[in-house]
Undergrad: 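Can you read through this structure? Questions will come right after.
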Amino acid sequence: MSLPPDKIVFATQSQGKPFVARDRTDTLNFNLSHSDSYLLLGVSSNYEIGVDIEKWTDSIDYEGVLDLCFSESERSFWRDLPTDQRLAFFYRQWVKKEIFVKVIGL
């Protein structure tokens with residue numbers, strides 16, 4: 001795909017996911033994520049893409065997020081983990097959920 005910068009037009013899907021507006025037979029999909037001073041960009045010429053990056057912090061109400069966004073089995077697994085492993089598990093699961101939602105355009 002070759003497109004001069006002044007011809008790039010961005011549009012959004014119905015749920016707000018941005019894409020490069022052009023002939024859909026020649027696609028360029030991308031997704032962005034940022035957290036604190038970090039930025040992540042994913043680009044794909046053939047597939048829908050989703051990316052997520054999260055800066056780890058202790059200021060999140062983990063139990064509240066778990067209750068809203070995690071399945072019962074995920075919550076149970078998290079609560080059974082040693083305390084020093086919970087943060088890593090939470091963020092690994094959270095970014096997977098974010099990526100999935102972004103891939104399907106929600």
Undergrad: Any link between Val101 and Ile49 through a network of hydrophobic side chains (Ile, Leu, Val, Met, Phe, Trp, Tyr) touching at under 4.5 Å?
TA: no
Undergrad: Surrounding CZ of Phe89 (heavy atoms of other residues, nucleotides or ligands, distance under 6.0 Å), is the total greater than 12?
TA: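 Enclosed: over 12 neighbouring heavy atoms sit under 6.0 Å from CZ of Phe89.
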Undergrad: When clusters are formed by joining ILVMFWY residues with side-chain heavy atoms under 4.5 Å apart, either directly or through shared neighbours, do Trp94 and Leu81 land in the same one?
TA: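 Hydrophobic grouping puts Trp94 with Leu81.
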Undergrad: With no hydrogens and no angle check, is any side-chain donor or acceptor of Glu74 less than 3.5 Å from a backbone partner on Ser71?
TA: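 Indeed, once roles are kept as given, a pair shorter than 3.5 Å links the two residues.
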Undergrad: Is any side-chain heavy atom of Ser44 less than 4.5 Å from a side-chain heavy atom of Phe30?
TA: no
Undergrad: For the backbone of Tyr38 and the side chain of Ser35, can you confirm whether one donor and one acceptor N or O come within less than 3.5 Å of each other?
TA: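 Absent.
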Undergrad: Is Phe90 reachable from Leu68 through a run of hydrophobic residues whose side-chain heavy atoms are each under 4.5 Å from the next?
TA: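 No; tracing contacts between hydrophobic side chains, which count when under 4.5 Å, never links both residues.
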Undergrad: Answer yes or no: is there a donor N or O on one side and an acceptor on the other, between the side chain of Asn31 and the main chain of Gly42, under 3.5 Å?
TA: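 Not a single qualifying donor-acceptor pair exists.
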Undergrad: Looking at CG of Asn29 and CD of Glu48, how far apart are the two atoms once the value is rounded to the nearest 0.5 Å?
TA: 4.5 Å
Undergrad: With rounding to the nearest 0.5 Å, note down the distance linking CD1 in Ile99 to NZ in Lys96.
TA: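 One gets 9.0 Å once the value is rounded to the nearest 0.5 Å.
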Undergrad: Between Ser33 and Asp52, is any side-chain donor less than 3.5 angstrom from a side-chain acceptor?
TA: yes
Undergrad: Under the 3.5 angstrom rule, does the side chain of Trp78 hit a backbone N or O of Arg86 as a donor-acceptor pair?
TA: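 Such a contact is found between Trp78 side chain and Arg86 backbone.
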Undergrad: Could you tell me which non-hydrogen atom of Leu87 sits nearest to which non-hydrogen atom of Asp58, and how far apart they are?
TA: CD2-OD1, 4.3 Å
Undergrad: Using modelled atom types and a 3.5 Å cut-off, is there a donor and acceptor pairing between side-chain atoms of Thr12 and backbone atoms of Lys17?
TA: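 No: the side chain of Thr12 does not pair with the backbone of Lys17.
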Undergrad: For Leu66 and Arg75, which heavy atoms make the closest approach, and how far apart are they?
TA: O-CD, 3.3 Å
Undergrad: Donor-acceptor pair, Lys102 side chain versus Val51 backbone, under 3.5 Å?
TA: yes
Undergrad: Rounded at 0.5 Å granularity, tell me how far CZ in Phe77 sits from CD in Glu72.
TA: 14.0 Å
Undergrad: Can you get from Tyr62 to Phe70 by hopping between Ile, Leu, Val, Met, Phe, Trp and Tyr side chains that sit under 4.5 Å apart?
TA: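 Linked within one cluster.
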Undergrad: Quick check on the hydrophobic clustering: are Tyr91 and Phe100 connected, directly or via other members, by side-chain heavy-atom contacts under 4.5 Å?
TA: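 As far as the 4.5 Å side-chain criterion goes, Phe100 and Tyr91 are not connected within one cluster.
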Undergrad: Got a salt bridge between Glu63 and Arg79, using NZ or NE/NH1/NH2 to carboxylate O under 4.0 Å?
TA: yes
Undergrad: Report the residue from Leu40, Leu32, Leu39 that forms a side chain to side chain contact (heavy atoms under 4.5 Å, CB included) with Ile53.
TA: Leu40
